[in-house]
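Quick notes on the structure that follows.
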Amino acid sequence: MYRKIILICLIFTALLWIIPLSGCSSGKISVKDKDDQIIAELNQSEISNDTLYKPYLEVVIAEAISAIAKINNCNLDKANKILFEKDHIIETCFDAKIYEAIEKSYLNSELDSAPFGCALTDLNGGLCAVYSADLNEDINYANTTLSPYSSLKPLSVYAPAIESGKAYWSKVYEDSPYKQIMDENGELVNWPENATGTYTNSNTTVYQAIKESINTVAVKCLDDYGVNNSISFLKENFDINLDYESKKATNEDEDEVIGNLAMGYLYDGVSVIDMAGYYQIFGNGGKYYKPEAITKIIDDNGKTIYTKNNDYKQVVSEPTAFIMNELLQGVVQSGGTGAGAKMDDIEVGGKTGTGIANDCHWFVGFVPQYSCAVWHGGSLVDNYSPQIFKSIMQALKLDESVKYPKCREIKQAIYCADSGLLCNENCKRVDMGYYFADEIIEKCKIHQ
């Protein structure tokens, strides 16, 4: 009797080795970097906190599951099982040198333990590195949705307004309140506020408004362009979730959400990865490539079952992208909100963003090779994101010979800083701007 029991037990144990239990994962995912080196081997979608490159690997696995779901026309749970049932190789854009540059720049900053997120793409949508840091290691700030604040202005206001002809480099708006609103105490107050807490009540050019992040001009420029037009532009080109803003603007009034679009108070938010992707358009001639970490997925038979799609959307024309590039380079010049990102030998452009009561800070910037979004929390008065961006780029030792795309459909002209129109011999405050080659700007009438 005992011999039979022992025999049955031995047979059952042998079967356990031969036949995997139903529903258990048995595959291994080998993740490779851009140089074909294995950076991780995973056997489940949950990645432990001590895993090297965890924030990037989370993005990779999420992308892989999504790709498998589309290939097999199934839901994400089923796709997760399929992915880990057998061995797969996932090739990615990951660059360890970029990751290390981000990590070092963050650790050497003055952020201490403040929450931090960063994402860097090339200008063709390849997600080269992401980084996240916080006391709560379960949060990946690279792919968490956040309000972009003023870093959205170039996308929601200025680029589409210039593309449409509603705005141009030197167009002026008065730096004064757009309207009055009722505050929490039932009193009428001026809106919007500028970061300085003051208004100049004088004409301010688009160039100066972007450089100094002047909220009044952004709101008035958006009013010219149209809130619903901005919503359509962002949804159609970047697939940003603006359901809340769209319903409000349609069912109530555009003014109800003009601040959401003009100053980036988005209800549903966007991620750091998203913002790095959007800003590609200012460095590559107006082309938007959705950021992707994965370049290829290979199954256990050596068959390539997924390849990165290199399709893009021409979001704005090359002339508009060129003008926006030059406008955003102004942000890092002396007196600009992103002056900390300026580099001596590399042309840097970008835009800052600051949360309500300084609860968070952004700098989304670009160089001729990359687009990079830097975000940090911590309720700090100072924005350290521009300096961190600069530190990252300096560590990468960028090739100074690489330049932005040229554009022949552009002209330079000298304008009057008071009127925003082309200067005449009587104008005293003048500057140089970029315009469409066929754009007709009148001569200044203030100083005739």
Side-chain angles (χ1 to χ4, degrees), residues 119-128 148 150-171 206-207 209-211 218 221-222 224-226 229-240 242 261 264 270 273-292 308-332 338 346-351 364-373 402-412 433-439:
L120 187 147
T121 77
D122 60 32
L123 298 186
N124 298 311
L127 185 60
C128 304
S150 289
S151 66
L152 189 70
K153 290 174 182 176
L155 302 162
S156 59
V157 182
Y158 296 115
I162 288 172
E163 178 85 346
S164 70
K166 291 289 186 181
Y168 52 88
W169 181 287
S170 59
K171 184 170 182 178
V206 164
Y207 170 77
I210 293 174
K211 179 179 180 178
C221 186
L222 181 57
D224 267 0
Y225 175 62
N229 289 334
S230 176
I231 290 171
S232 296
F233 176 83
L234 295 174
K235 289 177 72 173
E236 291 170 10
N237 289 302
F238 303 119
D239 197 28
I240 297 177
L242 296 171
L261 279 301
V270 290
I273 293 173
D274 291 334
M275 289 300 288
Y278 303 152
Y279 267 58
Q280 294 172 84
I281 70 171
F282 303 128
N284 69 9
K287 302 176 182 67
Y288 172 62
Y289 299 83
K290 184 177 180 180
E292 290 186 75
K308 181 179 182 291
N309 186 342
N310 290 316
D311 290 345
Y312 63 84
K313 290 182 180 179
Q314 189 71 41
V315 172
V316 292
S317 65
E318 289 185 15
T320 296
F322 181 92
I323 291 170
M324 286 300 304
N325 180 301
E326 294 287 343
L327 284 166
L328 291 168
Q329 286 190 49
V331 173
V332 306
I346 302 293
E347 292 181 319
V348 176
K351 183 70 188 72
V364 190
F366 52 85
V367 293
Q369 297 95 329
Y370 301 114
S371 176
C372 179
V402 180
K403 302 297 181 183
Y404 297 113
K406 297 296 182 184
C407 184
R408 294 182 178 180
E409 301 165 32
I410 291 294
K411 65 184 179 186
Q412 281 186 288
Y434 290 88
Y435 305 86
F436 297 140
D438 59 354
E439 195 164 21

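In this view, E236 and S232 satisfy the side chain to side chain contact (heavy atoms under 4.5 Å, CB included) rule, not counting sequence neighbours. Residues satisfying the side chain to side chain contact (heavy atoms under 4.5 Å, CB included) test with A321, not counting sequence neighbours, are V316. By the side chain to side chain contact (heavy atoms under 4.5 Å, CB included) test, N124 pairs with D122, Y289, sequence neighbours left out. Residues satisfying the side-chain hydrogen bond (donor to acceptor under 3.5 Å, both in side chains) test with S164, not counting sequence neighbours, are none. Taking Y168 as the reference, nothing meets the ring pair (Phe, Tyr, Trp, His ring centres under 6.0 Å) condition, with sequence neighbours excluded. Considering only residues two or more places apart in sequence or on other chains, E326 meets the side-chain hydrogen bond (donor to acceptor under 3.5 Å, both in side chains) condition with none of them. The salt bridge (Lys or Arg N to Asp or Glu O under 4.0 Å) search around D224 returns K171, not counting sequence neighbours. When the salt bridge (Lys or Arg N to Asp or Glu O under 4.0 Å) test is applied to K153, no partner is found at least two apart in sequence or on another chain. Remark: V364 pairs with S151, M275, Y279, W362, A373 by the side chain to side chain contact (heavy atoms under 4.5 Å, CB included) rule, at least two apart or across chains. Contacts of F233 classified as ring pair (Phe, Tyr, Trp, His ring centres under 6.0 Å), with partners at least two apart in sequence or in another chain: none. Every residue meeting the ring pair (Phe, Tyr, Trp, His ring centres under 6.0 Å) condition with Y207, not counting sequence neighbours, appears here in chain and number order: W169.
In this structure, the side chains of I281 and K287 stay at 4.5 Å or more apart for every pair of heavy atoms. Two residues are said to be in side-chain contact when any heavy atoms from C-beta on lie closer than 4.5 Å; Y158 and V206 meet this criterion. Annotation: side chain of Y278 is not in contact with side chain of S371 (no heavy-atom distance under 4.5 Å). Annotation: side chain of T121 is in contact with side chain of Q280 (closest heavy-atom distance under 4.5 Å). Here the side chains of P405 and E318 are not in contact, with every heavy-atom distance at 4.5 Å or above. Using a 4.5 Å heavy-atom cutoff, the side chains of F366 and N284 are not in contact. Within the 4.5 Å cutoff, the side chain of L155 has heavy atoms near those of the F238 side chain.
Using a distance-only test at 3.5 Å, with no hydrogens or angles considered, a donor-acceptor pair links the side chain of E163 to the main chain of S317. With hydrogens and angles disregarded, no donor-acceptor distance shorter than 3.5 Å links the side chain of D274 to the backbone of V270.
The number of heavy atoms from other shown groups lying within 6.0 Å of NZ (K308) is above 12. Residue-environment remark: NZ (K166) stays at or below the threshold of 12 foreign heavy atoms within 6.0 Å.
Nearest heavy atom pair, residue L152 against residue L261, reads CD2-O, 3.9 Å. The nearest pair of heavy atoms linking L242 to K235 is CD1-CG, 3.9 Å. Nearest approach of C221 to A161, heavy atoms of both residues: SG-CB, 4.0 Å. For the pair L123 and V367, the tightest heavy-atom approach, listed with the atom from each and the gap, is CD1-O, 3.9 Å. Nearest heavy-atom pair, G283 versus N325, reported as atom, atom and distance to 0.1 Å: CA-ND2, 4.2 Å. Considering every non-hydrogen atom in both V157 and L222, the closest pair reads CG1-N, 3.9 Å.
Applying the side-chain hydrogen bond (donor to acceptor under 3.5 Å, both in side chains) definition to pairs two or more places apart or across chains, those involving residues 402-412 are Q412-Y434.
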Exercise for review: Run the numbers on I346 and V402 for side chain to side chain contact (heavy atoms under 4.5 Å, CB included), then give the verdict.
Suggested key: CA-CA 9 Å; I346 302 293; V402 180; over 6 Å; no

